[in-house]
Student: 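One structure, as structure tokens, below. Some questions next.
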Number of protein chains: 2
Amino acid sequence: MGEPTWAAAGAPTTVRNVPMQLTPRGREIVDAARDLLDREGPDALTMRRLAESLGIRAPSLYKHLPDKDALEAAVISLAFEEFGDALAAATEHADDRLWALAVAYRGFALDHPHLYRLMTGRPLRRDLLAPGSEQRGSRALDDATGGDADLGRALWAFAHGMTVLELDDRFPRSADLDAAWRRGVDSFRAGVARPRTGERS
Amino acid sequence: MGEPTWAAAGAPTTVRNVPMQLTPRGREIVDAARDLLDREGPDALTMRRLAESLGIRAPSLYKHLPDKDALEAAVISLAFEEFGDALAAATEHADDRLWALAVAYRGFALDHPHLYRLMTGRPLRRDLLAPGSEQRGSRALDDATGGDADLGRALWAFAHGMTVLELDDRFPRSADLDAAWRRGVDSFRAGVARPRTGERS
DNA sequence: GGTACGGGCTAACAGCGTTAGCCTGACGCC
DNA sequence: GGCGTCAGGCTAACGCTGTTAGCCCGTACC
């Protein structure tokens, strides 16, 4: 056999470390990986278990993907797009966009904890990601803070922190997390209307 | 040989899943693990590498610790205490306690990224932790928010979010993280003086 | 001196990601 | 019809991981 099928279609011999073009079969595998992770968690996402779920053997996966890092990067790219779409849909026609964003952010993570952790739990292999997918995940956040980058980052950090601490069971069971979210979002709200493109909340 | 040495000294046959009393040798091993992790990162913290750094073989470690989870839990317990002490020392005599706390929080994580990630990166095995160590890590934070639990959680989430996003290289390289920290801390500061035991910042 | 035991050792197992090398079936082409 | 190409499977195997079983040696105590 010649070049492996996961290489970019255009100039297969020159590309290195470029986010691959998925073949249809490759896409099936990535979808299966997404579902396996989402349902059973990261320990279940092994090459052998994934292959089994597709009715093939583990080494066959390497005909479609270079390695597990690339597989995870593809799942992450997918997840960023799902995530971004969910946030955009939730905030689009909301009265209180900032709060709607917070609710949607938390909701996605609680619905897909393993996916969210994979997306955010360690340094990103940006060289393996589908181009633009990361931005698509964070676009709604940028919009909601009206172009104020520092505030946007602070708000993102707060939302991510609340989310990951809740997912990891870090707060006391008795904690009123709705109240903490309210408190945080309200604290940031003051800053959001002021600078430049003041948007109604 | 009878009972393994890592079991609690008091009633060795009845305890299950109780945070162990470390023997002196066990403590040496945990210290070595802490240093290995701190210096070389989580991939380096394998039972074989750890044993090698102590001049022994991997199976011998199991004479002192039940398994790797317990080892990591012991390292985490240590790290919580280090972390708590660092925060307490930094905020004790500071003019602006909230800001001093933020600086110390970020500083510890940047100085010990692997340790910080181990402490916070996944659900805590509280059943394996040394009792009280978790509280010792978060005490300074509680103090700084004057007993307002919701605000404390929101502030913690913000600090943790900023920290982990920075460690994971999630912000653009051009981002002014000092400004984002300032922005976040200032947003929360308004709330801190008000409720109950109003403390000067 | 005998016994207990702390603290080391080797050999081995199952599961992990991954590679090398082989085979089969479908397709285009002369 | 025969041939070459190649997508997409396969088995066997390697080195790594955490972990267990079982053995052995030195020290301390009665």
Side-chain angles (χ1 to χ4, degrees), chain A residues 1-10 12-13 17 20-33 36-37 40-76 118 122 125 128, chain B residues 1-10 12-13 17 20-33 36-37 40-76 118 122 125 128:
Chain A
M1 183 177 326
E3 293 295 316
T5 60
W6 43 262
T13 57
N17 258 355
M20 67 235 161
Q21 292 294 102
L22 284 176
T23 58
R25 184 58 168 152
R27 175 59 194 251
E28 284 177 29
I29 291 173
V30 171
D31 285 341
L36 183 57
L37 172 68
E40 304 194 37
D43 290 349
L45 186 55
T46 73
M47 299 305 267
R48 283 173 235 261
R49 293 268 281 114
L50 172 60
E52 189 191 6
S53 83
L54 289 157
I56 62 177
R57 306 299 178 117
S60 302
L61 296 172
Y62 293 82
K63 287 288 158 75
H64 305 279
L65 297 155
D67 54 29
K68 200 186 181 189
D69 280 350
L71 172 70
E72 292 184 345
V75 172
I76 291 172
L118 182 68
R122 51 185 155 164
R125 292 292 308 272
L128 300 178
Chain B
M1 185 179 321
E3 292 296 316
T5 60
W6 44 263
T13 55
N17 258 355
M20 67 235 161
Q21 292 293 103
L22 283 177
T23 58
R25 185 57 169 152
R27 177 57 194 251
E28 285 178 28
I29 291 173
V30 172
D31 285 341
L36 183 58
L37 173 67
E40 304 193 38
D43 289 350
L45 186 55
T46 73
M47 298 305 267
R48 284 174 235 261
R49 291 269 280 115
L50 172 59
E52 188 191 6
S53 83
L54 287 157
I56 62 176
R57 306 300 176 114
S60 302
L61 297 172
Y62 292 81
K63 286 288 159 71
H64 306 280
L65 297 155
D67 53 31
K68 202 187 180 188
D69 279 351
L71 171 70
E72 291 184 346
V75 172
I76 289 172
L118 182 68
R122 52 186 156 166
R125 292 292 309 272
L128 300 178

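On a predicted model such as this, the values are computed, not experimentally measured, just so you know. What's counted below: heavy atoms across the whole structure, side chains too, no hydrogens, waters or symmetry copies. Convention: sequence-line order gives letters A, B, ...; per-chain numbering from 1.
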Student: How long is the line joining CD1 of B:I29 and P of C:dG6, in whole Å?
Tutor: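 About 14 Å, once rounded to whole Å.
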Student: Provide, to the nearest angstrom, the distance between the NZ atom belonging to A:K68 and the P atom belonging to C:dT18.
Tutor: 8 Å
Student: Would you give the length of the straight line joining atom CG of A:L71 to atom NZ of A:K68, rounded to the nearest 0.5 angstrom?
Tutor: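 Answer for the CG-NZ pair, A:L71 versus A:K68, is 7.5 Å.
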Student: Going from OG1 on A:T23 to CG on A:L65, what distance comes out if it is rounded to the nearest 0.5 angstrom?
Tutor: 7.5 Å
Student: Working to the nearest 0.5 Å, report the span between NE2 of A:H64 and CD1 of A:I29.
Tutor: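 With rounding to 0.5 Å, NE2 (A:H64) is 4.5 Å from CD1 (A:I29).
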Student: Would you list the pairs meeting side chain to side chain donor-acceptor pair (under 3.5 Å) in which at least one residue belongs to residues 40-54 of chain B, sequence neighbours left out?
Tutor: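 Every side chain to side chain donor-acceptor pair (under 3.5 Å) pair that includes a residue of residues 40-54 of chain B, provided the two are not neighbours, is B:E40-B:R49.
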Student: Return the nearest nucleotide to the side chain of B:I56; candidates are D:dG18, D:dG9, C:dC9.
Tutor: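 Selected nucleotide (nearest to the side chain): C:dC9.
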Student: Would you say D:dA7 has OP1 or OP2 under 4.0 Å from some side-chain N or O of A:R25?
Tutor: no
Student: Output the distance between atom CD1 (A:I76) and atom CZ (A:R122), rounded to the nearest 0.5 Å.
Tutor: 6.0 Å
Student: Identify the pairs formed between an N or O of the protein and an N or O of nucleotides 20-22 of chain D at a distance under 3.5 Å, and give each distance.
Tutor:
none

Student: What is the separation between atom CZ on B:R57 and atom C1' on D:dC24, rounded to the nearest whole Å?
Tutor: 15 Å
Student: Please give me the minimum heavy-atom distance between A:R25 and A:I56, naming the atom from each residue.
Tutor: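 Closest pair (atom of A:R25, atom of A:I56, distance): NH2-CG2, 3.9 Å.
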Student: Between B:D69 and B:R125, which heavy-atom pair has the shortest distance, and what is it?
Tutor: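 Heavy atoms of B:D69 and B:R125 come nearest at OD2-NH1, 3.2 Å.
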Student: State whether A:S60 places a side-chain N or O below 4.0 Å from either non-bridging phosphate oxygen (OP1 or OP2) of D:dG8.
Tutor: no
Student: Just how far is it from atom CG of A:L50 to atom CG of A:L37, taken to the nearest 0.5 Å?
Tutor: 10.5 Å
Student: Of all the choices, C:dC9, C:dG7, D:dG9, which nucleotide is nearest to the side chain of B:H64 once you look at every atom?
Tutor: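 Of the options given, the side chain of B:H64 lies nearest C:dG7.
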Student: Within this structure, what is the CG-to-C1' distance between A:L61 and C:dT18, rounded to whole angstrom?
Tutor: 11 Å
Student: Looking at residues 42-52 of chain A, who's got a heavy atom less than 4.0 Å off DNA chain D?
Tutor: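 When residues 42-52 of chain A is checked for heavy atoms under 4.0 Å from DNA chain D, there are no hits whatsoever.
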Student: Distance check needed: D:dA7 C1' versus A:L22 CG, whole Å only.
Tutor: 16 Å
Student: Rounded to the Å, how far apart are A:L65 CG and C:dT18 P?
Tutor: 10 Å
Student: Hey, could you give me the CG/CG distance between B:L128 and B:D67, rounded to the nearest 0.5 Å?
Tutor: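 B:L128 atom CG to B:D67 atom CG measures 7.5 Å (nearest 0.5 Å).
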